[in-house]
Amino acid sequence: MGLDKIWVFGEVAGDDVASITLEMLAAARSLADTVEVFMAGDGDDYAEQLGEHGAETVYSTGDLEGGLQGVAVASAVAAAIASGDVEAPDAFLLGTTQDGRDVAGRLSVKLDTSVITNVVALEVDDTLIGSEPVFGGTVDVKTKNTSGKPGIFLVRPKSFEAAGVGGAEADTEDLEVPDLGAVGAAKVVNSHAEESDGPKLDEAAIVVSGGRGLGAPEAYVMVDDLAKVVGGAPGASRAIVDAGWVPYSYQVGQTGKVVKPTVYIAAGISGATQHLVGMKGSKNIIAINKDPEAPIFAVADLGIVGDVHKVMPKLIEALQSR
Amino acid sequence: MKVVVCVKQIPDPADPGALDPETKTLKRDSKLILDESDSYGVEMALQLVDAAGDGEVHLVSMAPNNEVSGLRTALAMGAASATIVSDDALQGSDALGTAKVLAAAIARQEPDLVLAATESSDGYTGTVPAQIAELLGLPSVTFAKSVAVDGGAAKVQRQTEAGYDEVECPLPALVSVTAGVVEPRYPSFKGIMAAKSKPVDQLDLGALGIDPSQVGWAGGGQEIVSIEAAPAREAGEVIEDEGDAHERIVAFLDDLKVL
């Protein structure tokens, strides 16, 4: 038995629909008869791509003129439902992103319904059930919304495979943002993108990540060099991001990026729960760490108990000389 | 300037947690400590009040049995006072229930600025700050990596998927901060001694005017249907580096044909 209608929160990366949105559309198609997208910005720009991935209608707010998505999108959705302009869906799916979490939090208050977070799998019983890994992915907890109102589910990136289905361009509808007053007063005055050469961290076939075991910020150059020679992307544990060695955009983990590369190389990373959640889905994991008891070895296909300062330079040299 | 910081007291992460199979809640029978994620908000608040030249930092927390051991750590860092909300009816509260309680406790303080971590280290729903802001009718800027207050407005660098945005927001407002926004201080001996006598207001749901049916299991609106061990990832080979481990890695990569 499926649901009647699911709404997916649409996000944009560059000029395209973000992967997380396409992933959720793939999941939603298998769970509900009708799948629609709600988003900030101009839905006309994305109607073709969203339709190709199975969305029938795109509801969009238009330009927010610097306003943040959380309060604007949540207010617009709640107003449209309250006025009867649109029929409420059975469930909302949003990505575990900055804006996804803002919209989910605000919307849950407006609709007085709970948010089920960190969802990596979905199934339908009499209602939608979300599965969340806890304790570093050793335990799966399944949760359903019992409020009798639409459930809100925050879905982790890379939980589903995006796939086009050749759908026609989606219809577009306006989602009017009501007057927000003081609550909408936060404005973006400037945006900065952190550019990097090589492949993107969450798309690279090989990811090389460094952690506290590198000992000092200067040693991160080994991670960069290895990533470069294998054509991969450099990443980091939360510990060295917090310590300011590399920017947040490098972070792999519960907070930060979820990666599922063909090969993940963890250099000097002990494997805290927070990190494992972000990389356990990698197809092959190589770990280099001094401490034979480090939790990272429990998930590694090849574990090297050794000093990163000895192993990494030899590895880089061996690969460079080929 | 009055800054309220939401702080969570959690089981020590060094002492691995477990779910109680009976109640389906996280076991919280060991001593609770200040969630490290919240130490950044506390430090940020102390620095903002210092920079403003006047004001104080108040802490708000929800925990069973009027637990204050984690709050004392934050008071020792320099916060002036705290509110702890405890009530048996709060067991099983989801993020929205938690936000309703914290919002009611925060409202009593009439703050200029509310700070919170982006997510707790044990529950990591990451939705409570936005929910509190919505309940209080405040603008919010989440995922801050830098916060300054100037001329009655918060100037925030907000992390985005691509980099960061510069966001300006008039006060009162709520800001959630990421780890790394500032380096939390260690409590001094003097601070630890002073913390013991700082005022901690103990409140229950009645004092906050919250109907117990709105929170806890009763108001949760979600139900755990199963708790199962996840399929374990098969551990591979672990070898000791004898000076030639890099050759094993190269061979491993060659086998996968990824180079």
Between [X] and [Y] (side chain of the first, backbone of the second, donor and acceptor by atom type, cut-off under 3.5 Å), is there such a pair?
| X | Y | result |
| --- | --- | --- |
| A:Thr113 | A:Pro150 | yes |
| B:Glu43 | B:Arg185 | yes |
| A:Lys149 | A:Asp112 | yes |
| B:Asp38 | B:Lys8 | yes |
| A:Ser249 | B:Gly163 | no |

Side chain, backbone, both or neither of [X] within contact of chain B (heavy atoms, under 4.5 Å):
| X | result |
| --- | --- |
| A:Leu302 | both |
| A:Ala193 | both |
| A:Asn118 | side chain |
| A:Val263 | side chain |
| A:Ile288 | side chain |
| A:Ala205 | neither |
| A:Asp99 | both |
| A:Ile304 | both |
| A:Thr146 | both |

Among [options], which has the most heavy-atom pairs under 4.5 Å with chain B?
| options | result |
| --- | --- |
| A:Lys142, A:Lys187, A:Lys314, A:Arg106 | A:Arg106 |
| A:Arg238, A:Gln254, A:Lys310 | A:Gln254 |
| A:Thr97, A:Val71, A:Leu107 | A:Thr97 |
| A:Asp242, A:Asp140, A:Thr117 | A:Asp140 |
| A:Val141, A:Asp307, A:Ile206, A:Thr96 | A:Val141 |
| A:Ile129, A:Val229, A:Val103, A:Ile285 | A:Ile285 |

Which answer fits [X], side chain, backbone, both or neither, if we ask what part of it has an atom under 4.5 Å from a heavy atom of chain A?
| X | value |
| --- | --- |
| B:Asp254 | side chain |
| B:Tyr164 | both |
| B:Ala95 | neither |
| B:Ile132 | neither |
| B:Glu119 | side chain |
| B:Leu259 | side chain |
| B:Lys100 | side chain |
| B:Ala133 | both |
| B:Ser140 | both |

Chain A: which of [options] shares the most heavy-atom pairs with it under 4.5 Å?
| options | result |
| --- | --- |
| B:Thr118, B:Asp165, B:Asp241 | B:Asp165 |
| B:Asp94, B:Thr142, B:Ile249 | B:Ile249 |
| B:Leu96, B:Val156, B:Thr127 | B:Leu96 |
| B:Leu135, B:Thr178, B:Val167 | B:Val167 |

Heavy atoms only: give me the nearest [X]-[Y] pair and the separation to one decimal.
| X | Y | result |
| --- | --- | --- |
| B:Ala179 | B:Tyr40 | CB-CE1, 3.6 Å |
| A:Ser282 | A:Tyr264 | OG-CB, 3.4 Å |
| A:Ser191 | A:Val188 | OG-CG1, 3.9 Å |

**Request:** Would you please test A:Ser108 and B:Gln131 for side chain to side chain donor-acceptor pair (under 3.5 Å) and show each step?
**Result:** CA-CA 7 Å; A:Ser108 77; B:Gln131 288 169 323; 2.7 Å; yes
Is it true that [X] and [Y] make a salt bridge, defined as a side-chain N closer than 4.0 Å to a carboxylate O?
| X | Y | answer |
| --- | --- | --- |
| A:Asp102 | B:Arg158 | yes |
| B:Glu134 | A:Lys110 | yes |
| B:Glu166 | B:Lys155 | no |

**Request:** Decide if atom CG of A:Asp15 counts as having more than 12 heavy atoms of other residues, nucleotides or ligands within a radius under 6.0 Å.
**Result:** no
**Request:** Using a cut-off of 6.0 Å, state whether more than 12 heavy atoms not belonging to A:Glu317 lie near its atom CD.
**Result:** no
Show me, pair by pair, the donor-acceptor contacts under 3.5 angstrom made by side chains of residues 220-230 of chain B, not counting sequence neighbours?
| from | atom 1 | to | atom 2 | distance (Å) |
| --- | --- | --- | --- | --- |
| B:Gln222 | NE2 | A:Ser114 | OG | 3.2 |
| B:Gln222 | NE2 | A:Val115 | O | 3.2 |

**Message:** When you compare the side chain of A:Glu293 with that of A:Phe297, does any pair of heavy atoms fall below 4.5 Å?
**Reply:** no
